[in-house]
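So that the names make sense, note that chain A is the first sequence line, chain B the second, and so on, each numbered from 1. Treat the numbers as computed from the prediction; the structure is a model and nothing was measured.
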There are 2 protein chains.
Amino acid sequence: MSNGRSLLPMSRSGADLALLLLGGFRSLADAATAELARRGHEDVRPVHDFAMRAIAAGADNASELGRRLSVSKQAAAKTVAVLQERGHVTREADPLDGRRKRLRVTPLGHEVLRQGEAIFDELREEWEQRIGPEALATLETHLTTLVGSRPVRLDAPGLPLRDLDEPL
Amino acid sequence: MSNGRSLLPMSRSGADLALLLLGGFRSLADAATAELARRGHEDVRPVHDFAMRAIAAGADNASELGRRLSVSKQAAAKTVAVLQERGHVTREADPLDGRRKRLRVTPLGHEVLRQGEAIFDELREEWEQRIGPEALATLETHLTTLVGSRPVRLDAPGLPLRDLDEPL
DNA sequence: CCAATTAGACAACCTTGTTGTCCATCAACA
DNA sequence: TGTTGATGGACAACAAGGTTGTCTAATTGG
């Protein structure tokens with residue numbers, strides 16, 4: 001009686017659960033990336049969205065961004081470089097601190113953020129229609145309980161968790 | 001009554017849902033990788049586990065492995081190379097087909113698989129204890145409905161989905 | 001028997017991370 | 001004021017895990 005439902009033909013292994021979660025994420029992320037591309041914003045990945053969001057939320061220099069994203073400042077700087085190249089953020093010298101380059105999300109960047117958000121919300125609604133709003137809400141509640149609010153890194157699943165540049 | 005629970009301070013955005021799913025996966029995967037390392041199997045990532053499982057399940061050459069993992073045969077070959085180097089799989093000439101190198105999971109490889117499975121199952125049990133077995137089962141059922149049984153790729157979330165080597 | 005397909009090797013490259021080093025600037029304190 | 005330490009950023013080198021493209025050898029099918 002280790003499992004009262006052993007008659008149902010469904011996955012009960014921990015590994016399958018993990019794959020299911022990953023599959024869920026990828027479904028959403030891939031669909032969103034594709035849709036964003038269709039709307040004219042090529043090659044915007046979750047990482048970019050996430051980074052812009054952090055910048056908009058106050059991480060206005062590369063080092064700070066790295067800290068928020070739990071990533072080295074060098075990695076953050078690289079991401080910033082591509083965002084800048086695409087015109088999604090600007091970098092200008094900080095008049096108050098000669099070391100800093102102040103980051104700001106451009107109107108174009110904000111537009112991308114807005115559309116990304118809308119697309120994710122549409123996808124979520126689709127899911128609501130498929131399993132019902134209550135079921136989805138419950139799922140979210142439980143996941144929140146399980147995952148907690150630890151910061152989530154967006155990079156490749158399976159990288160070793162290491163100490164980062166200048167740890168807190 | 002668009003949402004009967006609007007008083008609860010929880011996420012209702014599609015992006016948060018995605019992050020929650022990713023967070024769930026990473027929680028499990030990171031914990032499993034760490035625990036596996038603690039048990040003496042350093043640096044075994046989900047990709048390796050997944051690949052070994054496919055090999056054990058019959059993908060006994062690199063090209064076939066690539067197909068099963070939805071990855072180019074070259075990428076599969078690289079993975080095989082590290083598995084071989086670690087003594088988790090062997091590669092020997094196929095006597096029936098001079099082109100093929102037949103892959104086989106070694107006893108050590110099987111041991112890693114076994115332990116990995118056990119660890120994931122333990123993690124799942126932990127989750128069961130935190131939200132209850134029924135809740136977790138429901139969550140799995142719903143997720144299965146939503147993501148279906150499409151093959152899930154384990155690589156970095158956010159890579160563009162492209163046509164692969166020698167498409168089906 | 002020849003043409004097409006397939007397995008694998010090899011090389012070059014991309015992306016997104018990581019270190020490590022180095023310099024300029026700021027902040028703090030004797 | 002001046003030295004010392006911390007911080008921001010740039011640059012280079014490298015790793016992991018993907019991708020393509022090209023090439024050879026072996027097998028398979030007409």
[X] [atom1] to [N] [atom2], straight-line distance once rounded to whole Å:
{"X": "A/Asn61", "N": "C/dA24", "atom1": "CG", "atom2": "P", "value": "20 Å"}
{"X": "A/Asp49", "N": "C/dT16", "atom1": "CG", "atom2": "C1'", "value": "17 Å"}
{"X": "B/Leu65", "N": "C/dG8", "atom1": "CG", "atom2": "C1'", "value": "13 Å"}
{"X": "A/Glu64", "N": "D/dT7", "atom1": "CD", "atom2": "C1'", "value": "12 Å"}
{"X": "A/Asp43", "N": "C/dC14", "atom1": "CG", "atom2": "P", "value": "14 Å"}
{"X": "B/Arg26", "N": "C/dG17", "atom1": "CZ", "atom2": "C1'", "value": "11 Å"}
{"X": "A/Lys78", "N": "D/dA15", "atom1": "NZ", "atom2": "P", "value": "13 Å"}
{"X": "A/Glu92", "N": "D/dG9", "atom1": "CD", "atom2": "P", "value": "13 Å"}

May I ask you to test the [X]-[Y] pair for a side-chain heavy-atom distance under 4.5 Å?
{"X": "A/Asp43", "Y": "A/Arg86", "value": "yes"}
{"X": "B/Glu111", "Y": "B/Gln115", "value": "yes"}
{"X": "A/Val80", "Y": "A/Lys101", "value": "no"}

Ignoring backbone atoms, establish whether [X] has a side-chain N or O less than 4.0 Å from OP1 or OP2 of [N].
{"X": "B/Thr79", "N": "D/dG18", "answer": "yes"}
{"X": "B/Ser63", "N": "C/dG8", "answer": "yes"}
{"X": "A/Arg100", "N": "D/dA10", "answer": "no"}
{"X": "B/Ser72", "N": "D/dG18", "answer": "no"}
{"X": "A/Arg67", "N": "D/dG8", "answer": "yes"}

(request) Check for a donor-acceptor pair, side chain of B/Ser27 on one end and backbone N or O of A/Val147 on the other, with a separation under 3.5 Å. (result)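 A pair under 3.5 Å: no.
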(request) Identify whether any heavy atom of B/Ala75 sits under 4.0 Å from a base atom; if not, whether one sits that close to sugar-phosphate; answer base, sugar-phosphate or nothing. (result)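 The answer is base, as B/Ala75 lies within the cut-off (heavy atoms under 4.0 Å) of a base atom.
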(request) Determine the contact category for B/Arg102: base if any of its heavy atoms lies under 4.0 Å from a base atom, sugar-phosphate if only primed atoms, P, OP1 or OP2 are that close, otherwise nothing. (result)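 Touches nothing.
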(message) Under a 4.0 Å threshold between the charged nitrogen and the carboxylate oxygen, would B/Arg53 count as salt-bridged to B/Glu117?
(response)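 Salt bridge flag = yes for B/Arg53 with B/Glu117.
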(request) Look up atom CG in B/Leu139 and atom CG in A/Leu20, then write down how far apart they are to the nearest 0.5 Å. (result)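 If we round to the nearest 0.5 Å, B/Leu139:CG and A/Leu20:CG are 8.0 Å apart.
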(request) For the residue pair B/Gln129 and B/Glu125, confirm or rule out a side-chain donor-acceptor distance under 3.5 Å. (result)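 No.
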(message) With hydrogens left out and only the distance checked, is there a donor-acceptor pair under 3.5 Å joining A/Gln74's side chain and the base of D/dG8?
(response)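 By the distance-only test, no, there is no pair.
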(request) Indicate, yes or no, whether a donor-acceptor pair under 3.5 Å links the base of D/dG9 to the side chain of A/Lys101. (result)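 For A/Lys101, whose side chain was compared with the base of D/dG9, there is no donor-acceptor pair (under 3.5 Å).
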(message) Restricting to side chain to side chain donor-acceptor pair (under 3.5 Å), what partner residues turn up for A/Arg99, sequence neighbours left out?
(response)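 Partners of A/Arg99 under the side chain to side chain donor-acceptor pair (under 3.5 Å) test: A/Asp97.
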(message) Closest-nucleotide mapping onto DNA chain C: is B/Ala62 or A/Val82 further toward the 5' terminus? I mean the 5' end.
(response)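 Mapping each residue to its closest nucleotide by heavy atoms, the 5'-most match is B/Ala62.
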Expected rows: protein N/O vs nucleotides 25-27 of chain D N/O, under 3.5 Å:
from: D/dA26; atom 1: O3'; to: B/Gly98; atom 2: N; distance (Å): 3.3
from: D/dT27; atom 1: OP1; to: B/Gly98; atom 2: N; distance (Å): 2.6

